[in-house]
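Everything on this sheet refers to the single structure shown next.
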Amino acid sequence: MVDTTDRSVRVRIAPSPTGDPHVGTGYIALFNYAFARKMGGKFILRIEDTDQARYRADSEAAITDALNWLGVTWDEGPDVGGDFGPYHQSKRTAIYQEHCEKLLASGHAYRCFCSPETLAEIREECKAAKINPPMYDRRCKAMDPAEAKKRADAGEECVVRMVIPRDGTIKFEDKLRGEVEISASQIDDQVLLKGDGFPTYHLANVVDDHLMGISHVVRAEEWISSTPKHVLLYRYFGWDAPEWVHMPLLRNNDKSKISKRKNPVSIHYYRDIGILPDALRNFLSIMGYSFGGDREVFGLDEMIEGFSWDRVSLGGPVFDQDKLRWMNEQHIRALTNEELVDAFMGWRYNREHMLKIAPLIHKRIKTLSDFAGATEYMFSSEVDYAPFADKLSIPDVAKKDIWKGILELVDDVDKLDGFEPEALEATARAFCEKKGWKPKHVFGLLRIGSTGRKASPPLFETMAVIGKDICRRRLRELAEFIKKMK
RNA sequence: GACCCCAUCGUCUAGUUGGCCUAGGACACUGGCCUUUCACGCCGGCGACACGGGUUCGAAUCCCGUUGGGGUCGCCA
């Protein structure tokens, strides 16, 4: 089935720098990468930074670091260059606007001046009238294009929407499932160009995939329902569409789409608790995929060599932490003692990390041998809250408000760029203010939550050393623990 | 709610042109052996083809329906 002589395969991973490097990004990147290597094709990294509101400065580097850490590397991308750049969508706005003009000219798109408020009203009306799914009523489509252009040129803010046929169906072939058919009546006149002049995913994605010569779009299953829009866009532009491959979604234990509320989803979390990169990679590669025979532990090269879409299964795989740990154990065993020691040193037993710890424990140890006891929680992945059950309360605050509050604080911290002590403290104090809770009570909970101790070096410095991802995980577990307390 | 996708042990999966499946492996759980302890290792146990109709000599494998789960329905990707 797989033609290994096909050199024209070009695939891409297109993450959005809006947060932490997600395991789902790593998962999809891995399959794109394996397929590209198998076919002797190219794997491209493109940064989809078209959302100014959600853009996070520290995110892109975190994503590229995480992907490299996983062992997935790209042939073209913002850092390595290539013949199809630029590879940041934010640097391609002129291209999208130009293409939007073509659609406008051919009558496949129109300007829309409706405000977000108007749109919300329309959505409400649809709901009330039980119109499913709720859709834009296309009122601006009736406007004379010349008149619309005049208003836009005069500086009035507007978006550009694509025209979806009134009836008929849109079909496409998914490599893993066969033909998928969706009625045009289900599809809204999608916004292509936002009010700020940036493109939406749909436009940018199609234009870039075409311009970058992408042959196969390998992405997550959640995109299936918007694929008809993309198919239409290719048609409107007169381009050949790529092949579609929709991988199953990684799941929480309850089978819902994997999410940070129910699972650690940052690749950094797994790195920080001491999962070997090749173990995470191996684990991700048995999600929805089987190597063949009874092999579960295999190298990236082996996966590439035997790679075939035929080996993908479509039931959504649950991301099982236990099995990940077992996988990691297998990879640790495969190490020599020399390599194991290197792994420890590469992880946290190194000068750089010790230098962060040193000021925190310097005046808290009497002998060097006190180190292990004084820092145990800085190296472990989980802590036990049971010994503190009687300390997990705040005077005059209901238990429910406490655990919900902790979750809220975690969300506040999530919005930060980075995890610096100063910003952390400011966020925590703002939270106390907001809640009307005393810092000493909140900080006490934070301390127990992130260290598993009631005494520690300065809280926020300590949290910074433990790291954002582990702290977040611990705090969520603390909330869970309190929730379950009688 | 509408539309789309999916459906083998609790979990990851093998099973891919229907017969070699009284359904195999792995994680987890569990009984035992080994052992000065623990871990590893070894042997064993528990445990699934969602249900109902077809097609066929024969179905986990094909078709239809039902049920269940998931996803999407944003000027987010």
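Model, not experiment: these values are computed from the prediction. Convention: sequence-line order gives letters A, B, ...; per-chain numbering from 1.
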Integer-rounded Å distance: [N] [atom2] and [X] [atom1]:
X	N	atom1	atom2	answer
A:D254	B:G71	CG	C1'	14 Å
A:R325	B:C12	CZ	P	18 Å
A:E173	B:C4	CD	P	16 Å
A:N253	B:G70	CG	P	13 Å
A:I258	B:G71	CD1	C1'	15 Å
A:N252	B:U11	CG	C1'	13 Å

For [range], pull every pair meeting salt bridge (charged side-chain N to carboxylate O under 4.0 Å, His left out), keeping only residues two or more places apart or in separate chains.
range	result
residues 91-102 of chain A	A:R92-A:D208, A:E101-A:R111
residues 314-331 of chain A	A:E296-A:K323, A:R325-A:E382, A:E329-A:R333
residues 184-194 of chain A	A:R138-A:D189
residues 233-251 of chain A	A:K175-A:E243

For A:D137, which residues count as a salt bridge (charged side-chain N to carboxylate O under 4.0 Å, His left out) partner, sequence neighbours excluded?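 Per chain and number, A:D137 pairs via salt bridge (charged side-chain N to carboxylate O under 4.0 Å, His left out) with A:R139.
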
What residues, two or more places apart in sequence or in another chain, satisfy salt bridge (charged side-chain N to carboxylate O under 4.0 Å, His left out) together with A:K262?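 Applying salt bridge (charged side-chain N to carboxylate O under 4.0 Å, His left out) to A:K262 gives A:D254.
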
Candidate nucleotides [options], ranked by approach to the side chain of [X] - the nearest:
X	options	value
A:R311	B:G69, B:A14, B:C6	B:A14
A:R177	B:U16, B:U11, B:C5	B:C5
A:S256	B:C12, B:G71, B:C6	B:G71

At less than 4.0 Å, is any side-chain N or O atom of A:R333 found next to OP1 or OP2 of B:G41? Yes or no.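 Answer is yes, contact under 4.0 Å.
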
Going through the checks in order, is the side-chain contact (heavy atoms from CB on, under 4.5 Å) test met by A:R10 and A:E76? CA-CA 10 Å; A:R10 288 175 60 82; A:E76 297 171 29; 2.8 Å; yes

Short side-chain donor-acceptor distance under 3.5 Å, A:S259 and A:N252: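 Checked: A:N252/A:S259 side chains pair up, N/O donor to acceptor below 3.5 Å.
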
When all nucleic acid strands are considered with a 4.0 Å heavy-atom cut-off, which category describes A:R295: base, sugar-phosphate, or nothing?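 If one applies the 4.0 Å heavy-atom cut-off, A:R295 turns out to touch nothing in the nucleic acid.
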
Categorize A:G288 for me: base, sugar-phosphate, or nothing, with a 4.0 angstrom heavy-atom threshold over every strand shown.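 Sugar-phosphate, backbone atoms only, no base.
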
Which letter, B, S or -, goes with each nucleotide of nucleotides 24-31 of chain B from 5' to 3', with contact meaning a protein heavy atom under 4.0 Å? BBBS----

B/S/- along nucleotides 72-77 of chain B (protein heavy atoms under 4.0 Å) is SBSBBB

Going by purine N1 to pyrimidine N3 plus the second Watson-Crick contact, or the G-U wobble pair, all under 3.5 Å, which nucleotide sits opposite B:C21?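 Base partner found: none.
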
Can you name the side-chain hydrogen bond (donor to acceptor under 3.5 Å, both in side chains) partners of A:E408, sequence neighbours left out?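 A:E408: side-chain hydrogen bond (donor to acceptor under 3.5 Å, both in side chains) contacts with A:K434, A:K435.
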
